[in-house]
Amino acid sequence: MKVIVQVTEKIHSEAHINIPDGLTEDAMKQHIVDLYNSGEIATDFNIFHVDFESISAQIVKQSGEVQ
């Protein structure tokens, strides 16, 4: 029997980055968004918390199998 299991989780990741001094709050936000969008901080993210949201399973009938 083949079963497809789907788990939905909310993952909280954290990265510690350095940003230039003297930026306004809006400029800091934009700098962080730019780093994220460019992929530059993707490797710096560490998962620090995962919230389980749901799980489901679907039984898949395989050819020749009687259910």
Side-chain angles (χ1 to χ4, degrees):
M1 176 186 315
K2 182 177 181 179
V3 178
I4 298 171
V5 178
Q6 294 179 332
V7 176
T8 302
E9 300 171 327
K10 186 187 310 179
I11 299 172
H12 303 263
S13 300
E14 184 175 274
H16 295 241
I17 60 172
N18 293 315
I19 58 173
D21 292 331
L23 297 178
T24 65
E25 186 174 328
D26 286 339
M28 283 189 268
K29 289 177 184 178
Q30 188 60 53
H31 183 74
I32 293 166
V33 168
D34 291 344
L35 288 173
Y36 180 81
N37 287 341
S38 70
E40 290 182 55
I41 61 173
T43 58
D44 296 331
F45 279 108
N46 294 307
I47 296 173
F48 74 93
H49 184 81
V50 178
D51 289 325
F52 171 80
E53 292 191 351
S54 68
I55 188 169
S56 65
Q58 176 186 8
I59 299 171
V60 179
K61 183 177 179 182
Q62 297 174 324
S63 60
E65 184 178 296
V66 177
Q67 290 187 345

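In what follows, every heavy atom counts, from backbone to side chain, and hydrogens, waters and symmetry copies are set aside.
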inquiry  = Working to the nearest 0.5 angstrom, can you tell me the gap between Thr24 OG1 and Gln30 CD?
reply    = 10.0 Å
message = Return the CG to CE distance between Leu23 and Met28, rounded to the nearest 0.5 Å.
response =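 Separation between the atoms: 6.5 Å.
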task = Could you name each residue pair satisfying salt bridge (charged side-chain N to carboxylate O under 4.0 Å, His left out) that touches residues 18-33, not counting sequence neighbours?
result =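 Those involving residues 18-33 are Glu25-Lys29.
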Considering only distance and modelled atom types, tabulate donor-acceptor pairs under 3.5 Å from the side chains of residues 42-55, sequence neighbours left out.
from  : atom 1 : to    : atom 2 : distance (Å)
His49 : NE2    : Asp51 : OD1    : 2.6
Asp51 : OD2    : His12 : NE2    : 3.0
Ser54 : OG     : Thr8  : OG1    : 3.4

inquiry  = Applying ring-ring contact (aromatic ring centres under 6.0 Å, His included) as the test, list every pair that has at least one member in residues 20-40; sequence neighbours left out.
reply    =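 For residues 20-40: none.
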query = Under the side chain to side chain donor-acceptor pair (under 3.5 Å) test, which residues partner Glu14, sequence neighbours left out?
reply =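 If we apply the side chain to side chain donor-acceptor pair (under 3.5 Å) test to Glu14, skipping adjacent residues, the hits are His16.
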task = Could you pull out all residues at least two apart from Glu9 that satisfy side chain to side chain donor-acceptor pair (under 3.5 Å)?
result =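 By the side chain to side chain donor-acceptor pair (under 3.5 Å) rule, Glu9 matches no residue at all.
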